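Computed from heavy atoms alone, side chains included, the values below leave out hydrogens, waters and symmetry copies. First listed ligand is number 1; within each ligand, the first listed atom is number 1. On a predicted model such as this, the values are computed, not experimentally measured, just so you know.
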Amino acid sequence: MSDPLPAATKAPRSTALRGSLIFCRDDPFLTDPATAFCYEPDGLVLCSDGVIVATGPVATIKPLLQSDTTIADYSGCLIAPGFIDTHIHYVQTGVIGSQGKDLLDWLERYTFIAEQAFADPQVAASTARVFCEELLRNGTTTALVFCSVHAGSVDALFTEAARHNLRLIAGKVLMDRNAPPALCDTAQSSYDQSKALIARWHGRGRALYAITPRFAGSSTPEQLEAAGALWREHPDVVMQSHISESLREIEFIRATFPERRNYLDVYDHFGLIGRRSVYAHGIHLDESELCRCHESGTALAHCPTSNTFLGSGLFRMRNVRDPRRPVEVGLGTDIGGGTSFSLIATMGEAFKVSQLAGQPITPVEALYVATLGGARALALEDRLGTLAPGREADLVVLDPRATPVLAFRSGRVRSIEEQLAVLMTLGDDRAVRATYVAGELAHTRTSEARG
Ligand code: GUN
Ligand code: ZN
């Protein structure tokens, strides 16, 4: 049979992935985990034009496939929504593992020095390349990212993310005091540059913008005021910052803003909290601050590997997610205070931190904060975080036999929950068999790399 179409236009627009499906369709902290969590041992996810069009058991979905739909067979692997990293600094990729005495010491001795290099567009471009590849190797398909104070660092990241069609939410850091002069902007320049970056990038392809005051301690009241004004003018962009990470930092904020009731009240005063705002850490927030987060829709990014590495403290997940006033929580790697790009490893560390805090979380709860919880924190749950028709087809394929010990241990699990627990205990980027971005294969682990 002759076919007049040139080869390029013959490429199928539909792809189906076969494997065991795991995802949350609701919040297991607040609803019955048995209904919040879905497990389909032999399932298909059918994707077309970048979105999921159907998911379910093979027997149900296969009859829907068109004759030209390719099936990527990942039988024996788990297929999950792509991971969502709700807090990461791409400009700190080069400081991972720098051992400071605590947060403030680490910032001064390593981080503020490293970030100065991002005045150079070539440093920004080459780091952005490594960073985006590392996200994909780890199955992370969405990330909320801090850039540096330099507007060019944002251009470099979004340019690189567009090459991969990655859904990144990112912004230029605002900081006009308590930092080296080379890293300081002003209230006016930070407002002007952020506004121009919003115009250039927000909603372009899959890019979204985040207004990014570093933390209350590195901004003057004038700069926080300008950030609040900018958010009021652009309420559909994300707001991100840090809060209540270390005791010494909290003391510093108290001394810097003595007129405010508490740390959260500083941000509240300047109109910087509410839905679509994500604050990293929040380890030491008190009950009144958690109540205010809940009622305002302010989300937290829990970053366990950073919190242990910098000795910041133990996040009390079950308390923060108390069903009487649940605060939305996503998981973050916080590279470079954090120690791993892998949200699989970060889920495992979140479990360990919850153990030390005396309130252990379940494997399904860990999966929730790494996927749907992150999407809800970002107010993107209508697009991301679960396997359902209409959601963007960002997917991760996990191999429970990726390493010899994973294979050995996975051969002994008696339930999908136990399998998840084993994966997050022994797994990392090696367990990511493939990553799909908007329905397209964006990373695949080669057999040589697996050996
Ligand atoms: N607080 C202010 N800046 C930072 C940062 O770069 N990393 C972390 N972990 N906390 C911060
Ligand atoms: Zn951070």
Q.
Among the N, O or S atoms of Asp334, which one sits nearest to the Zn ion (ligand 2)?
A. OD1

Q. Does any N or O in the side chain of Asn262 come within less than 3.5 Å of the main-chain N or O of Asp265, such that one atom is a donor and the other an acceptor?
A. yes

Q) Using 4.0 Å as the upper bound for N to carboxylate O, is an ion pair formed by Arg325 and Glu295? A) no

Q. Identify the closest protein heavy atom to atom 2 (C) of ligand 1: which residue and atom is it, and at what distance?
A. Phe215 CD2, 3.5 Å

Q.
Using a 4.0 Å cutoff against the non-hydrogen atoms of Leu107, which atoms of ligand 1 qualify?
A. 2 (C), 3 (N), 4 (C), 5 (C), 6 (O)

Q: Just need the protein heavy atom nearest to atom 3 (N) of ligand 1, so name the residue and atom and give the distance.
A: Arg214 NE, 2.8 Å

Q.
Between Glu418 and Arg409 (salt bridge meaning N to carboxylate O under 4.0 Å), is one present in this structure?
A. yes

(Q) Side chain or backbone, does Gln92 bring an N or O within less than 3.5 Å of an N or O on ligand 1? (A) yes

Q) Picking from His150, Lys172, Gln193, what satisfies side chain to side chain donor-acceptor pair (under 3.5 Å) with Asp185? A) Lys172

Q | From Asn178, Asp334, Leu104 - option closest to atom 9 (N) of ligand 1 by heavy atom | A | Asp334

Q) So, His281 versus His302, ring centres under 6.0 angstrom or not? A) no

Q. For His281, is the nearest heavy atom under 4.0 Å from an atom of ligand 1?
A. yes

Q: Tell me which protein heavy atom sits closest to atom 4 (C) of ligand 1, plus the residue, atom name and distance to 0.1 Å.
A: His242 CE1, 3.5 Å

Q | Ring centre gap for Phe146 and Tyr90 strictly below 6.0 Å | A | no

(Q) Under 3.5 Å, is there a donor on one side chain and an acceptor on the other for Thr220 and Asp176? (A) yes

**Q.** For atom 7 (N) of ligand 1, the protein heavy atom that lies nearest, with its residue and separation
**A.** Trp106 CZ3, 3.5 Å

**Q.** Closest approach of any protein heavy atom to atom 10 (N) of ligand 1, naming residue and atom
**A.** Glu245 OE1, 2.7 Å

Q. Restricting to N, O or S atoms of His242, which is nearest to the Zn ion (ligand 2)?
A. NE2

Q | Tyr263-Glu249 side chain donor-acceptor pair, cut-off 3.5 Å | A | yes

Q. Salt bridge between Asp428 and Arg430, side-chain N to carboxylate O under 4.0 Å?
A. yes

Q: Confirm or rule out an N/O/S atom of His281, from backbone or side chain, lying less than 2.8 Å from the Zn ion (ligand 2).
A: no

Q.
As a test of reading the structure, name the N/O/S atom of His87 that is nearest the Zn ion (ligand 2).
A. NE2

